[in-house]
Amino acid sequence: MNILLELKHLMHISLPARPVICKGLLIVIVLIVLRAIVSPFLAINSSENEGFYDSATPDLLPGVRRDKFVEVPQIIWGLNNQKIAFARACLTAKFLNRSLLMPSLSASLFYKEVDLLRPITFDKVFDFTKFNARCHGFVRLARYSDVSNKTEPFKLQKGSGRRWTVERDLDQLLQYRRGDPDDSEIIQISGKNPFLWPDHWPVKDYARIFDCLALVPEIETEVVKVISKIREAGLKARHEAGVSHNKHMGDGTMNPPVPYIAVHMRIEKDWMIHCKKWEQRSNSNEICSSKEEIIHKVSQITDLRRPVVVYLAVADSLLEDDSITSGWRVGMVAFEKKRLGVTDIYNRQPYLIKSAIDFEVCARADIFVGNSFSTFSNLVVLSRTQRLYNLGEARSCGENVGLSSYAYNVVGDDGGPQRWMADMSDTSLQSLSYGTNNVSCH
């Protein structure tokens, strides 16, 4: 209160020469000081204010509106296509300066039989509160209970076909940022699955949203169980080989978790047929890899002391094929869900949750090896690259912090698998969504 009286006193000080300019400058200074004093008190009850803006930084730019919303169709297809679609919907809502109404995901995997899709709300898979906390000031999710229904939704029909270019799509979004559409409480987007919307956003924006995703506690518990089983298998393998795991950490503690390699193994029949055709069309021989080629490439990785467990993230159709865990080099002990004894964890889950568990098991591995034409592998590497940036280790290629990644379908300089980090400077997600053999460590 004393500060406010002092400011009031300053406002009435008589000014010498150039009174208009000086007084105007003084008013600006006083307003800035007032904002610094008053804003913390306003923030205490900010969530009660209609139309309040989230903001991660104390600047004068608005964040994401709480009283305006975007609604999108049910998000479908595979886990990582759904994650991309979700992020694209978030970024579209951000562009329109609106919150995204929590969308429905799809628990089952059907590409054509839409009637068989099993909707599952976002907050049954990912933690709603953590997402908004982590992405505060960047994008925002809202619940349908936040809607007042004071106005009719404004319908935005996404265009389609070859004539619907990226430029036309952006022009449409620009039109909906102002005028009559912006007066509506909800902009309801209909038409294509958001995965197929034209892409206007850089890779770093997608990476930031993916970094905000945290599994709900029930699923996170299952991830921890699987990883614990893998590390137990690694400890047993080292014990049987007479190799000690005793090791001092920098913080004085002993025995860090036993490291493991995760390999996203794409060798199922439908994939091999698809990728062979892909290679013919693109005149490339760096898309498909046989089991023997993958084993050979992985065996050339020398980052970890052996024996080491190799976890194989494979399609369920390959779990009955015992040969996928045989033929590995000495010191590389291969496990998949069945041999590891965790099929019960996966079998009680729908497709989407199974994939989410496997994604995290791969993303948290000490070394990850995947196929650069797989969306799953690409998003795992993007997640690991984002973690390297968060740790300030982007130049290390992950070697020093247990986050190395490799592409087994691309030959590296040393004849082994190509070291791999996501290109965070890319202006769109095209390469990560559809694959590329132009991968490197930097």
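Starting from 1, each residue takes its place in the sequence as its number. In what follows, every heavy atom counts, from backbone to side chain, and hydrogens, waters and symmetry copies are set aside.
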Checklist line | Trace of the side-chain contact (heavy atoms from CB on, under 4.5 Å) decision for D426 with S431 | finding: CA-CA 9 Å; D426 207 338; S431 294; 4.0 Å; yes

Next item on the list: Go through the steps for I84 and S433 under the test side-chain contact (heavy atoms from CB on, under 4.5 Å), then give the verdict.
Entry: CA-CA 8 Å; I84 290 171; S433 298; 3.7 Å; yes

Item checked: Worked check of side-chain contact (heavy atoms from CB on, under 4.5 Å) between F359 and V380 -> CA-CA 7 Å; F359 183 93; V380 167; 3.5 Å; yes

Next item on the list: Apply disulfide (SG to SG under 2.5 Å) to C212 and C135, showing your working.
Entry: CA-CA 6 Å; C212 296; C135 266; 2.1 Å; yes

Next item on the list: In sequence, state the C-alpha distance, the side-chain angles, and the governing distance for F195 and N80, and then conclude on side-chain contact (heavy atoms from CB on, under 4.5 Å).
Entry: CA-CA 10 Å; F195 178 80; N80 292 288; over 6 Å; no

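Judged by the 6.0 Å and 45° rule, K158 forms no cation-pi pair with W164. By the 6.0 Å and 45° rule, R384 does not stack over the aromatic ring of F368. Remark: K229 is not positioned above the aromatic ring of F335, lacking an NZ or CZ atom under 6.0 angstrom from the ring centre and at most 45 degrees off the axis.
Between Y346 and I353, the closest side-chain pair of non-hydrogen atoms is not below 4.5 Å. Residues F122 and L100 form no side-chain contact, since every pair of their non-hydrogen atoms from C-beta on lies 4.5 Å or further apart. In this structure, L91 and W197 have side chains that are not in contact, with every pair of non-hydrogen atoms separated by 4.5 Å or more. Here the side chains of E220 and E218 are not in contact, with every heavy-atom distance at 4.5 Å or above. In this structure, Q188 and F69 have side chains that are not in contact, with every pair of non-hydrogen atoms separated by 4.5 Å or more. The closest side-chain heavy-atom distance from M332 to S299 is below 4.5 Å. Side chains of V203 and D423 form no contact here, defined as non-hydrogen atoms less than 4.5 Å apart. Contact check for L382 versus M424: side-chain heavy atoms found under the 4.5 Å cut-off.
For the pair E185 (side chain) and N149 (backbone), a donor-acceptor distance under 3.5 Å is present. Looking only at distances, no side-chain donor or acceptor of R177 sits under 3.5 Å from a matching main-chain atom of D182. Judged purely by atom type and a 3.5 angstrom limit, Q172 uses its side chain to pair as donor or acceptor with the backbone of Q157. Side chain of T385 to main chain of A422: a donor-acceptor pair is present (N/O by atom type, distance under 3.5 Å, no hydrogens or angles). Judged by distance alone, the side chain of T151 and the main-chain N or O of S184 form no donor-acceptor pair under 3.5 Å. With hydrogens and angles disregarded, no donor-acceptor distance shorter than 3.5 Å links the side chain of R140 to the backbone of N132. No donor-acceptor distance shorter than 3.5 angstrom exists from the side chain of W201 to the backbone of Y206, with no hydrogens or angles considered. One N or O on the side chain of T221 and one on the backbone of P217 form a donor-acceptor pair closer than 3.5 Å. One N or O on the side chain of S108 and one on the backbone of R118 form a donor-acceptor pair closer than 3.5 Å. Side chain of D366 to main chain of G402: no donor-acceptor pair is present (N/O by atom type, distance under 3.5 Å, no hydrogens or angles).
Screening residues 87-97 for salt bridge (charged side-chain N to carboxylate O under 4.0 Å, His left out) gives R88-D199 as the qualifying pairs, with residues at least two apart or on separate chains. Screening residues 378-408 for ring-ring contact (aromatic ring centres under 6.0 Å, His included), with sequence neighbours left out, gives no hits.
To the nearest 0.5 Å, the span separating CD1 on I186 from NZ on K150 amounts to 13.0 Å. The distance from the CG atom of L79 to the CD atom of Q82 is 7.0 Å, given to the nearest 0.5 Å. Summarising the geometry, atom OG belonging to S404 is positioned 10.0 Å from atom CD1 belonging to I261; distances are rounded to the nearest 0.5 Å. If you take CE on M265 and CD1 on I324, they are separated by 6.5 Å, rounding to the nearest 0.5 Å. The structure places CD1 of I267 at 12.0 Å from CG of N371, a figure rounded to the nearest 0.5 Å. Interatomic distance, S228 OG to I230 CD1, rounded to the nearest 0.5 Å: 9.0 Å.
Counted by atom type alone, T121 and D123 present one or more donor-acceptor pairs between their side chains at under 3.5 Å. In the model, N437 has no side-chain atom that pairs as donor or acceptor with a side-chain atom of S372 under 3.5 Å. Side chains of N378 and Y434: no donor on one and acceptor on the other come within 3.5 Å. One side chain, Q386 or N390, offers a donor N or O that lies under 3.5 Å from an acceptor on the other.
Of all the heavy atoms in S106 and I75, the pair that sits closest is OG-O, 2.7 Å. Contact between N409 and E286 at its shortest, heavy atoms only, is ND2-O, 2.7 Å. Considering every non-hydrogen atom in both L388 and C397, the closest pair reads CD1-C, 4.2 Å. Across Q175 and P181, no two heavy atoms sit closer than the pair O-CG, 4.3 Å. Among all heavy-atom pairs drawn from I301 and P417, the shortest one is CG1-CG, 3.8 Å. Of all heavy-atom pairs between A363 and R387, the closest is O-NH1, 2.9 Å.
Within 6.0 Å of atom NZ in K192, more than 12 heavy atoms from other residues, nucleotides or ligands are found, so the atom counts as buried in its surroundings. By the 6.0 Å contact criterion, CZ on R348 is enclosed, its count of non-hydrogen atoms from other residues, nucleotides or ligands being greater than 12. Shown here is N347, whose CG atom has more than 12 heavy atoms of other residues, nucleotides or ligands within 6.0 Å.
F128 is linked by a ring pair (Phe, Tyr, Trp, His ring centres under 6.0 Å) to nothing, counting only residues two or more places apart in sequence or in another chain.
When the options F126, F131, W77 are evaluated for a ring-ring contact (aromatic ring centres under 6.0 Å, His included) with F86, the one that passes is F131. I187 pairs with exactly one of R98, E71, K68 by the side-chain contact (heavy atoms from CB on, under 4.5 Å) rule, that one being R98. Of the listed residues (F373, W420, F376), just one forms a ring-ring contact (aromatic ring centres under 6.0 Å, His included) with H264, and that residue is F376.
Residues E268 and R266 are paired through a salt bridge, judged by an N-O separation under 4.0 Å between the basic side chain and the carboxylate. The pair R339-E336 fails the salt-bridge criterion, with no side-chain N (NZ, NE, NH1 or NH2) lying under 4.0 Å from an Asp/Glu carboxylate O. The pair D303-R419 meets the salt-bridge criterion, since a charged nitrogen lies less than 4.0 angstrom from a carboxylate oxygen.
Less than 6.0 angstrom separates the ring centroid of Y176 from the ring centroid of F154.
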